[in-house]
Amino acid sequence: MLSTNDSSPQGVPIALPGAGSQALHDFLQQYPRLMVLTGAGVSTECGIPDYRDTRGEWKRKPPVQHQAFMGSLATRQRYWARSLVGFRAIEEARPGPAHHALARLEALGHVTALVTQNVDGLHQRAGSRRVIDLHGRAEMVRCMGCGSQRMRYHVHAELAASNPTWLGLDAAVGPDGDADLDGLDFSTFRVLDCTRCGNGVLKPDVVFFGDSVPRNRVEAAFSALDAADALLVVGSSLMVYSGYRFARQAARNGKPIACLNLGRTRADDLYDLKIEASVGETLEQLIAKL
């Protein structure tokens with residue numbers, strides 16, 4: 001039996017305070033092969049801020065839209081200037097307790113795939129191998145004209161050389177390597193074009209809001225879900241459809257769903273178990289019980 005209290009307002013069992021790891025352990029005993037779906041909540045302990053609060057509402061302005069980035073030089077100037085200052089949050093981040101615990105869970109044979117909405121690459125650095133980067137990887141930059149790729153580190157080095165006065169700015173960092181530089185004039189910031197084709201727009205190799213997740217990633221994730229006994233959602237509000245769809249599909253197919261997340265999520269009425277507790281601490285306690 002799961003170690004839970006009665007239920008949430010939606011009728012979903014919620015683990016009693018301090019009993020989250022035991023509830024997850026019981027869930028894992030019943031459903032030993034999980035597809036894990038992660039979000040920003042697994043990386044906040046690593047110094048990378050998240051977008052939403054415990055109610056699932058925006059903490060800050062929504063991120064750049066794909067159409068705006070592609071269609072507006074001013075938008076690209078603003079994006080790359082903010083990124084030049086803020087991306088250090090991702091560059092300097094190291095895997096946290098949740099990343100290491102999930103890698104260990106995979107090594108123990110309990111993870112069919114780890115589908116992450118994050119773009120920081122920390123799951124791989126912690127040792128996870130069965131990772132599907134749903135929204136891409138932030139350390140890569142792609143030319144939207146010819147498709148060539150470059151490491152973001154090198155692009156930032158060229159941006160810094162072309163815009164040296166911006167390097168001295170200090171600002172609060174945001175999710176995905178952003179920085180709060182509102183109120184500045186970005187019109188003089190020099191952006192780069194592709195050096196291979198000469199004029200292609202350079203864009204981080206990630207899925208911006210308003211863009212679509214590549215079909216092969218979605219199909220791989222659905223295949224992993226089909227192969228799993230259950231779905232475990234960790235550190236995600238699932239407010240974005242690209243992640244929510246997997247909870248909806250699991251529920252449609254009768255697969256049990258457990259969620260470890262602080263606060264409200266879009267799929268609260270779909271879970272068989274919800275645990276509102278520290279992600280890293282709870283997962284570490286789970287590993288200790290296995």
Side-chain angles (χ1 to χ4, degrees), residues 36-64 78-105 114-128 131 133-141 151-157 159-160 166-182 204-209 233-240 243 260-263 265 276-287:
V36 180
L37 175 63
T38 70
V42 302
S43 293
T44 53
E45 295 171 335
C46 308
I48 300 176
D50 53 4
Y51 279 113
R52 298 180 186 272
D53 60 23
T54 56
R55 301 185 304 275
E57 305 294 337
W58 292 108
K59 290 181 178 179
R60 63 209 309 274
K61 292 181 180 179
V64 65
R78 179 178 180 273
Y79 176 88
W80 284 113
R82 291 165 61 105
S83 178
L84 184 60
V85 176
F87 194 70
R88 62 179 179 267
I90 290 182
E91 289 181 316
E92 296 173 359
R94 299 294 180 267
H99 300 98
H100 289 297
L102 289 170
R104 181 60 179 156
L105 198 63
L114 192 158
V115 179
T116 183
Q117 299 168 91
N118 300 336
V119 297
D120 51 40
L122 293 178
H123 284 300
Q124 289 90 334
R125 294 175 66 181
S128 291
V131 181
D133 293 297
L134 196 64
H135 295 158
R137 293 285 290 272
E139 76 267 28
M140 300 301 299
V141 173
M151 292 297 296
R152 189 163 182 163
Y153 173 84
H154 297 298
V155 173
H156 277 216
L159 285 171
W166 291 80
L167 295 179
L169 298 178
D170 190 21
V173 299
D176 300 338
D178 196 10
D180 293 325
L181 294 179
D182 288 332
D205 199 10
V206 301
V207 177
F208 282 177
F209 277 71
V233 178
V234 181
S236 177
S237 66
L238 298 183
M239 292 300 175
V240 177
L260 171 58
N261 185 71
L262 287 169
T265 84
E276 296 199 31
S278 167
V279 170
E281 181 181 1
T282 303
L283 289 176
E284 285 185 320
Q285 292 171 354
L286 170 64
I287 295 301

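The structure presented is a predicted model; accordingly, all values stated were derived computationally and were not measured. Throughout, residue positions are numbered sequentially from 1 according to the sequence presented.
For the pair V279 and L262, the minimum side-chain heavy-atom distance is 4.5 Å or more. The closest side-chain heavy-atom distance from V207 to L134 is not below 4.5 Å.
Looking at residues two or more places apart in sequence or on another chain, you find a side-chain contact (heavy atoms from CB on, under 4.5 Å) between N261 and C259, T265. In this structure, the side-chain contact (heavy atoms from CB on, under 4.5 Å) partners of E92, at least two apart in sequence or on a different chain, are R88. In this view, H156 and W80, S83, L84, F87, R152, L159 satisfy the side-chain contact (heavy atoms from CB on, under 4.5 Å) rule, not counting sequence neighbours. Scanning for salt bridge (charged side-chain N to carboxylate O under 4.0 Å, His left out) contacts around R125 gives an empty result, with sequence neighbours left out. Residues meeting the side-chain hydrogen bond (donor to acceptor under 3.5 Å, both in side chains) test with S128, sequence neighbours left out: none. Residues that satisfy the salt bridge (charged side-chain N to carboxylate O under 4.0 Å, His left out) test with E45, not counting sequence neighbours, are absent from this structure. Judged as a side-chain hydrogen bond (donor to acceptor under 3.5 Å, both in side chains), and not counting sequence neighbours, T282 has no contacts. For E284, the side-chain contact (heavy atoms from CB on, under 4.5 Å) test picks out P97, with sequence neighbours left out.
Side-chain contact, S236 with Q117: a donor N or O sits under 3.5 Å from an acceptor N or O. At a cut-off of 3.5 Å, with distance as the only test, no side-chain donor of H99 or T38 sits close to an acceptor on the other residue.
Residue C46 holds its SG atom at 7.5 Å from CG of D120, rounded to the nearest 0.5 Å. Distance CD/E139 to NE2/H154: 12.0 Å, rounded to 0.5 Å. Taken to the nearest 0.5 Å, the CG atom of L114 stands 9.0 Å off from the CG atom of L105.
For the residue pair G127 and A103, the shortest heavy atom distance occurs at C-CB, 3.9 Å. Contact record, V85 with W166: CG2-O, 3.8 Å, taken as the closest heavy-atom pair. Residue G243 comes nearest to L37 through the heavy atom pair O-CD2, 3.5 Å, listed as atom of the first residue, atom of the second, then distance. Of all the heavy atoms in A89 and I48, the pair that sits closest is O-CG1, 3.9 Å. Contact detail for L260 and A277: the closest heavy-atom pair is CD1-O, 3.8 Å. For the pair L122 and A93, the tightest heavy-atom approach, listed with the atom from each and the gap, is CD2-O, 3.9 Å.
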| said: Is there a side chain to side chain contact (heavy atoms under 4.5 Å, CB included) between H123 and L102? Walk through the geometry before answering. | reply: CA-CA 8 Å; H123 284 300; L102 289 170; 3.7 Å; yes
| For V36 and V115, what are the C-alpha separation, side-chain angles and deciding distance, and is it a side chain to side chain contact (heavy atoms under 4.5 Å, CB included)? | CA-CA 6 Å; V36 180; V115 179; over 6 Å; no
| Worked verdict on H135 versus T116 for side chain to side chain donor-acceptor pair (under 3.5 Å) | CA-CA 8 Å; H135 295 158; T116 183; over 6 Å; no
| request: Kindly determine whether N118 and D133 satisfy side chain to side chain contact (heavy atoms under 4.5 Å, CB included), including the steps that lead there. | output: CA-CA 7 Å; N118 300 336; D133 293 297; over 6 Å; no
| task | Carefully, step by step, assess V119 and D205 under the rule side chain to side chain contact (heavy atoms under 4.5 Å, CB included). | result | CA-CA 9 Å; V119 297; D205 199 10; over 6 Å; no
